[in-house]
**Student:** 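Got a structure for you, questions after.
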Amino acid sequence: MLRMSIQVFGLPVSRGVAIGRAVLVASSRVDVAHYFIDDARVEAEVGRLRAARDAVAGELSLLKRDLPAEAPAELAALLDVHLMLLHDDSLTGATKQWIHERHYNAEWALSAQLEVLARQFDEMEDDYLRERKADLEQVVERMLRAMARGPGASLVPAPTVATKDFGGEHPLILVANDIAPADMLQFKGSVFTGFVTDVGGRTSHTAIVARSLDIPAVVGAREASRIIRQDDWVVIDGDNGIVIVNPSPIVLEEYRFRQRQSELERERLARLRHTPAVTLDGERVELLANIELPVDAKTALEVGAVGVGLFRSEFLFMNRDGGLPGEDEQFEAYRAAVEAMNGLPVTIRTVDIGADKPLDRMSVNELRHEHALNPALGLRAIRWSLSEPGMFRQQLRAILRASVYGKVRLLIPMVAHLSEVRHTLEALARAKQQLTDAGRPFLDVEVGAMIEIPAAALVLPMFLRHFDFVSIGTNDLIQYTLAIDRADEAVAHLYDPWHPAVLGLIANTIEQARSAGKHVSVCGEMAGDPVFTEVLLGMGLRSFSMHPAQIASIKQRVLRTDARRCASMLPELLQSDDPEQRSRLVQSRLLDPQRSAAV
Ligand code: PEP
Ligand code: MG
């Protein structure tokens, strides 16, 4: 059936255009493996599906047989419904088709078909029938568990193989209500070439990870996962935050053209890899990378980063079934990143668990409705670390041990109180003592603070006395200055990096740190957004940390900018209270079109 073309608006997260078929994934099933199988494996995957169906049929029949006499009659009826759903051709028959025609692995095929059927249930008039969706989900859950136990479950190919589309011609776009940041991470190098989620703000951690995957993405698209159907054609315009469902041939052609243009632009930018980042007036600028996992360090080097400005170590701690990573496991991870950077500095941030980065697998909706009232204001980052002293010292020891393999810096997130600074430094001293006592080698590392809570920015000199460097976390600084939950799409329009209070705090932090002779960097998303490059250079910033994929375009901006000229425009910008005027000022005065064209 031909479906109408629809546009859905959300928040642009990651630039570029993606065109492909929609794959709807339920938030609770994002951990299902998604990979393509080759022709030779099709029958084996169908076999796994059949085996899972038979195993579940056995389980359900046994349950029914062993029901105690006093069990309510509805229970037996319910098991019958489950058995009926299990054997219905719309489940297993259609799932086989996804395997045969699209070459999806069995788990993926089953979840894809579940999404199709769930939609049909949602649209049913009859209440009783509509509620059967939950039964269907339980049956599928049982089948997925049976597959995980059965043979072939461990055959998930390496990501490089997974990106190959054996299904043929079509790239795939992942569509979900929400995806937790740690779940998003598992899509690195996966089959998907674009993402759309219903919830999330531009600097939510889900968006940040999506950006690090370097594929077009839109978040906060509210109804997207309800409007888009499994297998619909979808265009993601990651520059403007637009999702077009079932585009007309003309629109499709236009976007294919833009897609080619942006690929050409990428290739052009990639040539800047070895060019040093120096402004027109000769100011050297340090472009560092933000990474989530040690493997990202390789990408950082490849794109010309001169170090890692932020290693978000919390991703090593999230979604683990077997407890937190121990000292040795952490040490290996930090060492891998440090060695990969070949002597370039690696800034390891101690865990920033909490808010939208829970330790356990949890969706944004669960977080919002079932947990702390204000998780962003709760036991997060250094607050959590200090409340778990054993865990904290373990992490500090692991980081210190990695210092022997390169240049390590230690970064502390979310400091707001001087007592936190004192306790952190005491924990560090104890960790060093423990290593010395155990005869384990380590070097002295520089210690820095994230400036991301307005309180810290407002009394910066007090903090500067205790730290070797500071790194401005603009994502949280904006969130806490404006009292806007960065993960909440409902208030995303008020999340304004141009707010004079925000710009004032950033400018003061840079200025005060520089006059105290302390290294200052920005590692929030503003650092990787070319719209802010001139403003930050004008404020005196000479160190930017961002996703590896953003380094080339920021470098291009730096090469085109006269830092002195930017600085001279700054007072006017900081005093302006009119957003329109501010943006005009930046467009017309800071950017010199003639010079821009020359680079
Ligand atoms: C920030 O807050 O700007 C930052 C870099 O840290 P995170 O995004 O991990 O909170
Ligand atoms: Mg932060």
Side-chain angles (χ1 to χ4, degrees), residues 13-14 180-182 184-185 200-212 219 287-293 296 300 307-318 347-359 364 367 374-385 409-416 420 448-457 469-488 492 495-497 499 502-503 505-506 509-510 520-529 532 536 541 543-548 550 554:
V13 161
S14 188
M184 195 62 146
L185 204 59
R202 276 191 80 158
T203 62
S204 64
H205 284 94
T206 298
I208 287 176
V209 179
R211 204 167 289 135
S212 79
V219 300
L287 300 182
L288 304 162
N290 290 355
I291 64 170
E292 277 87 35
L293 293 175
D296 302 335
V308 170
L310 173 65
F311 178 169
R312 288 184 162 98
S313 70
E314 56 274 15
F315 283 90
L316 301 173
F317 286 65
M318 290 152 73
T347 312
I348 305 175
R349 181 174 73 179
T350 59
V351 275
D352 184 356
I353 279 296
D356 64 342
K357 287 180 290 192
L359 275 179
V364 176
L367 268 176
N374 284 307
L377 304 182
L379 196 63
R380 199 194 139 181
I382 190 64
R383 303 169 180 185
W384 183 68
S385 293
R409 292 181 185 147
L410 180 68
L411 181 59
I412 312 297
M414 265 191 93
V415 279
E420 289 164 341
M450 295 272 305
I451 301 302
E452 49 185 347
I453 295 187
F469 68 97
V470 289
S471 188
I472 308 175
T474 50
N475 308 335
D476 279 316
L477 191 61
I478 299 168
Q479 149 163 281
Y480 296 126
T481 304
L482 302 179
I484 297 299
D485 185 340
R486 59 193 264 198
D488 188 350
Y495 186 94
D496 178 15
H499 192 292
V502 171
L503 292 181
L505 285 174
I506 298 172
T509 304
I510 295 169
V520 52
S521 177
V522 168
C523 64
E525 296 301 291
M526 274 174 87
D529 187 340
F532 299 104
L536 293 171
L541 188 76
S543 173
F544 295 62
S545 193
M546 67 206 81
H547 299 291
Q550 296 164 323
I554 298 299

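Remember, it's 1-based here, ligands and their atoms both numbered in the order they're listed.
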**Student:** Counting only N and O atoms by type, is there a donor-acceptor contact under 3.5 Å from the side chain of Thr347 to the main-chain atoms of Val308?
**Tutor:** yes

**Student:** Heavy atom under 4.0 Å from ligand 1: found in Ile208's side chain, backbone, both, or neither?
**Tutor:**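 The side chain, only.
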
**Student:** Please check: side-chain N/O of Glu452 versus main-chain N/O of Met414, any donor-acceptor pairing under 3.5 Å?
**Tutor:**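 Yes; judged by distance alone, with no hydrogens or angles, the pair exists.
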
**Student:** Going by the atom numbers of ligand 1, which of them fall below 4.0 Å from some non-hydrogen atom of Cys523?
**Tutor:** 5 (C)

**Student:** How long is the span from the CG atom in Leu310 to the CD1 atom in Ile291, to the nearest 0.5 Å?
**Tutor:** 8.5 Å

**Student:** So which heavy atom in the protein is nearest atom 6 (O) of ligand 1, and how far is it from that ligand atom?
**Tutor:** Arg349 NH1, 2.9 Å

**Student:** Which atoms of ligand 1 have any heavy atom of Asp476 under 4.0 Å away?
**Tutor:** 1 (C), 2 (O), 3 (O), 10 (O)

**Student:** What's the shortest distance from atom 7 (P) of ligand 1 to any protein heavy atom, and which residue and atom give it?
**Tutor:**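 Atom 7 (P) of ligand 1 sits closest to the protein heavy atom His205 NE2, 3.1 Å.
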
**Student:** Heavy-atom pairs closer than 4.0 Å: do any link ligand 1 to the side chain of Met414, the backbone, both, or neither?
**Tutor:** neither

**Student:** Quick check on side chain to side chain contact (heavy atoms under 4.5 Å, CB included): which of Asn475, Thr474, Leu541 does Met526 satisfy it with?
**Tutor:** Thr474

**Student:** Quick one: angle Glu452 OE1 - the Mg ion (ligand 2) - Asp476 OD2, to the nearest 10°?
**Tutor:** 100°

**Student:** Supply the atom-to-atom distance Ser313 OG to Leu411 CG, rounded to the nearest 0.5 angstrom.
**Tutor:**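 Between Ser313 OG and Leu411 CG, I get 9.5 Å after rounding to 0.5 Å.
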
**Student:** Would Met546 count as a contact of ligand 1 if the rule is a heavy atom under 4.0 Å away?
**Tutor:**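 No.
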
**Student:** So for ligand 1, is Glu314 a polar contact partner (N or O within less than 3.5 Å, distance only)?
**Tutor:** no

**Student:** Taking atom CE of Met546 and atom OG of Ser212, what is their separation to the nearest 0.5 Å?
**Tutor:** 14.0 Å

**Student:** Between Glu292 and ligand 1, find which residue part has any heavy-atom pair under 4.0 Å and reply side chain, backbone, both or neither.
**Tutor:** neither

**Student:** I need the atoms of ligand 1 closer than 4.0 Å to a non-hydrogen atom of Arg380, numbered in the order shown.
**Tutor:** 10 (O)

**Student:** As an exercise, state the distance from OG1 of Thr350 to CD1 of Ile382, rounded to the nearest 0.5 Å.
**Tutor:**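 So the OG1 of Thr350 and the CD1 of Ile382 are separated by 4.5 Å.
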
**Student:** Pick one of side chain, backbone, both or neither for how Met450 approaches ligand 1, counting any non-hydrogen atom pair under 4.0 Å.
**Tutor:** side chain

**Student:** Which ligand 1 atoms, with their elements, are less than 4.0 angstrom from a heavy-atom of Arg486?
**Tutor:** 2 (O), 7 (P), 8 (O), 10 (O)

**Student:** Classify the contact between Leu310 and ligand 1 as side chain, backbone, both or neither, using a heavy-atom distance cut-off of under 4.0 Å.
**Tutor:**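 Side chain only; the backbone of Leu310 stays clear of ligand 1.
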
**Student:** Considering the heavy atoms of Gly473, write down every atom of ligand 1 situated less than 4.0 Å from one of them.
**Tutor:** 1 (C), 2 (O), 3 (O)

**Student:** Mark up the atoms of ligand 1 that fall under 4.0 Å of a heavy atom belonging to Arg312, in ascending order.
**Tutor:** 4 (C), 5 (C), 6 (O), 7 (P), 8 (O), 9 (O)

**Student:** Honestly, is Arg409 close enough over Phe469, meaning NZ or CZ under 6.0 Å from the six-membered ring centre and within 45° of the axis?
**Tutor:**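 Flagged: Arg409 positioned over aromatic ring of Phe469.
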
**Student:** Under 4.0 Å, heavy-atom basis, I'd like to know which part of Leu477 is in contact with ligand 1: side chain, backbone, both or neither.
**Tutor:** neither

**Student:** Does any N or O of ligand 1 fall below 3.5 Å from an N or O anywhere on Thr474, backbone included?
**Tutor:**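 Yes; at least one N/O pair falls below 3.5 Å.
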
**Student:** Using only atom types and a distance under 3.5 Å, with no angle test, would you say the side chain of Arg211 pairs donor to acceptor with the backbone of Val13?
**Tutor:**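 Yes, because the side chain of Arg211 sits within donor-acceptor range (under 3.5 Å) of the backbone of Val13.
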
**Student:** Drop me the distance from Leu505's CG to Thr481's OG1, to the nearest 0.5 angstrom.
**Tutor:**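 It comes to 5.0 Å.
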
**Student:** Has Tyr480 got a side-chain atom pairing as donor or acceptor with Ala376's backbone, closer than 3.5 angstrom?
**Tutor:** yes

